[in-house]
There are 2 protein chains.
Amino acid sequence: MIGNKEDARPLMTATRQFPWDHPRFKSWIAVGRACQVMNQVLAREIATLDIKPPHLDILVNLYRFEGLTQQDLARKLLVGRSNMSMLLPQMEKRGLITRRGDDNDRRVLRLYLTEDGRALAEKAMEIQTKVIDRMMETSTLEECMSVANVMERLTAALLLRDGR
Amino acid sequence: MIGNKEDARPLMTATRQFPWDHPRFKSWIAVGRACQVMNQVLAREIATLDIKPPHLDILVNLYRFEGLTQQDLARKLLVGRSNMSMLLPQMEKRGLITRRGDDNDRRVLRLYLTEDGRALAEKAMEIQTKVIDRMMETSTLEECMSVANVMERLTAALLLRDGR
DNA sequence: TCAATAATGTACAAGGTTGAACAAATTGAC
DNA sequence: GTCAATTTGTTCAACCTTGTACATTATTGA
């Protein structure tokens, strides 16, 4: 025989293992892409309200948790304090939120939605819900819950391991 | 009877349905958070190579698909052309890539990794793979593949529906 | 009580991302 | 062949995000 099995095998198994061939790698890349597309679509949709994703996140969180401090909010959104210091004054000037000092701790500013802010938040959440529904309707509820499960485990693991 | 069944029911069903109570909404929020944490951890890890996530994406894609044009690359990464026009000259100055004009179409610039770029890409991909593995090891391979499946369907649906 | 330490919010510089306007090159229709 | 429409890459201004340094206020411990 000119080419026996021992000759051929190494050529196959020696082929470099590229990251993009790993199932976990591929899986995560898909997640990243989905997120990116999602954010772009969401950004386009809420542009009709003249806000962007970061403002949406702020509105939703203040709608849900009134009286948060800037630090609390930054932690919830996983961004830096300085980020809040840039965005919140804008939104205050625009009449969407108010910042009131706390009497017990004069370092902190507590955040509240104004009437306009609350109304805008509701409109924005309606849009957001519609986009998410449109997106996730390609999956069963069972799949959605499985995805949520995986993501929560994974986030917890990473946060525990690598601090914030 | 003072309170019959018809009285009680409305009080239950009339409670406002908040977006964050919808399984699909919650699921998606979990995905977004996971992505955010992941990118932050990845950014910290590859900072040792003095690059940031966007540079990593570029390196990996050029490693895999040599001779892409700037437009091709931008489309793959789902970013604007102008973004590439800002980042690529930096990377060229740094000696990681070369940009050569195409003789058949003198508008386009084709992109190639240099030796340094290729070496850096390999180091970066190693780090990226390690981070992803660490993150996804909280899930079974089966779950990973299910997640990938959901994400791909969802991305396709959104891209088809809302253009790029 | 008083000093060291920590927490909160701000200011600023640096850098990534975008969209619009632009020049150069290609394509297609007539 | 010629002119309009399209494609590619660049420039620019605007905005978001980050990290660092800073001032102010709380908390802790001698």
Side-chain angles (χ1 to χ4, degrees), chain A residues 32 35-48 50-59 67-94 97-111 163-164, chain B residues 32 35-48 50-59 67-94 97-111 163-164:
Chain A
C35 241
Q36 210 180 345
V37 173
M38 174 66 175
N39 279 331
Q40 287 175 4
V41 170
L42 183 61
R44 263 212 334 250
E45 300 271 327
I46 62 174
T48 60
D50 200 27
I51 59 175
K52 299 193 175 175
H55 308 112
L56 173 63
D57 288 339
I58 294 173
L59 290 174
L68 284 179
T69 68
Q70 295 194 182
Q71 177 80 289
D72 290 338
L73 189 51
R75 264 197 282 262
K76 269 188 184 302
L77 302 183
L78 300 173
V79 298
R81 285 179 316 226
S82 50
N83 195 344
M84 292 299 102
S85 270
M86 305 292 255
L87 295 177
L88 293 174
Q90 295 174 14
M91 296 180 70
E92 190 174 31
K93 277 196 196 87
R94 198 167 146 190
I97 64 170
T98 59
R99 304 195 290 169
R100 280 206 300 278
D102 185 327
D103 289 336
N104 290 31
D105 185 341
R106 289 183 359 242
R107 291 172 301 181
V108 313
L109 291 176
R110 298 205 166 271
L111 306 168
R164 63 229 46 175
Chain B
C35 242
Q36 209 179 345
V37 174
M38 173 67 174
N39 280 330
Q40 286 176 4
V41 171
L42 184 61
R44 262 212 334 249
E45 301 271 327
I46 62 175
T48 61
D50 199 28
I51 59 175
K52 299 192 173 175
H55 306 113
L56 172 63
D57 288 339
I58 293 173
L59 289 174
L68 284 179
T69 68
Q70 295 194 180
Q71 177 80 289
D72 290 339
L73 189 52
R75 265 198 281 262
K76 270 188 183 303
L77 302 183
L78 300 173
V79 298
R81 283 175 312 199
S82 52
N83 195 342
M84 293 298 103
S85 270
M86 305 293 254
L87 296 177
L88 293 173
Q90 295 174 13
M91 297 180 69
E92 190 175 30
K93 277 198 196 86
R94 198 169 147 189
I97 64 170
T98 59
R99 302 197 291 168
R100 279 207 300 280
D102 185 328
D103 288 335
N104 289 33
D105 186 340
R106 290 186 355 245
R107 288 172 303 181
V108 313
L109 291 176
R110 299 205 166 271
L111 306 168
R164 63 231 48 171

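Below, chain A is the first sequence line, B the second, and so on; all start at residue 1. Predicted model, so just to flag it, every value in this text is computed and none were measured.
Residue A:L73 contributes atom CG, which lies 13 Å from atom P of C:dT8 at whole-angstrom precision. Look at CG on B:D105: it is 11 Å from C1' on C:dA24, rounded to the nearest Å. Rounded to a whole Å, the CG atom of A:D72 is 11 Å from the C1' atom of C:dT8. Rounded to an integer number of Å, the gap from CG of A:L56 to C1' of D:dC16 is 15 Å. Distance, B:R75 CZ to D:dG9 C1': 13 Å, rounded to whole Å. What separates CG of A:L109 from P of D:dT24 is a distance of 15 Å, to the nearest Å. Look at CG on A:D103: it is 14 Å from P on D:dT25, rounded to the nearest Å. A:R99 has its CZ atom 16 Å from the P atom of C:dT8, to the nearest Å.
Here the closest non-hydrogen pair linking B:T48 and B:E45 is OG1-O, 2.9 Å.
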Apply side chain to side chain contact (heavy atoms under 4.5 Å, CB included) to the pair A:L59 and A:M91, showing each step before the final yes or no.
CA-CA 10 Å; A:L59 290 174; A:M91 296 180 70; 3.8 Å; yes
What's the verdict on side chain to side chain contact (heavy atoms under 4.5 Å, CB included) for B:L109 and B:D102, showing C-alpha distance, side-chain angles and the deciding distance?
CA-CA 6 Å; B:L109 291 176; B:D102 185 328; over 6 Å; no
Derivation and outcome, side chain to side chain contact (heavy atoms under 4.5 Å, CB included), residues A:Q71 and A:V108:
CA-CA 8 Å; A:Q71 177 80 289; A:V108 313; over 6 Å; no
Check against side chain to side chain contact (heavy atoms under 4.5 Å, CB included), B:E92 and B:L111
CA-CA 10 Å; B:E92 190 175 30; B:L111 306 168; over 6 Å; no
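The shortest distance between side-chain heavy atoms of A:R94 and A:I51 falls below 4.5 Å. Put simply, the side chain of A:Q36 does not reach to within 4.5 Å of the side chain of B:C35, judged on heavy atoms.
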Could you run through nucleotides 1-6 of chain C and give me one letter per nucleotide, 5' to 3': B if any protein heavy atom sits under 4.0 Å from the base, S if only the sugar-phosphate is that close, - if neither?
------
In B/S/- notation (B base, S sugar-phosphate only, - none; protein heavy atoms under 4.0 Å), nucleotides 12-18 of chain C written 5' to 3' is ----SBB
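Looking at which nucleotide of DNA chain C each of A:R110 and B:R106 is closest to, the 5′-most match is held by A:R110.
With hydrogens and angles left out, the side-chain atoms of B:R110 and B:Q70 include no donor and acceptor closer than 3.5 Å.
Between B:Q71 and D:dT8 there is a side-chain N or O to OP1 or OP2 distance below 4.0 Å.
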Donor-acceptor contacts under 3.5 Å from residues 72-87 of chain B side chains, at least two apart:
unit_1: B:D72; atom_1: OD2; unit_2: B:T69; atom_2: N; d: 3.3
unit_1: B:D72; atom_1: OD2; unit_2: B:T69; atom_2: OG1; d: 3.1

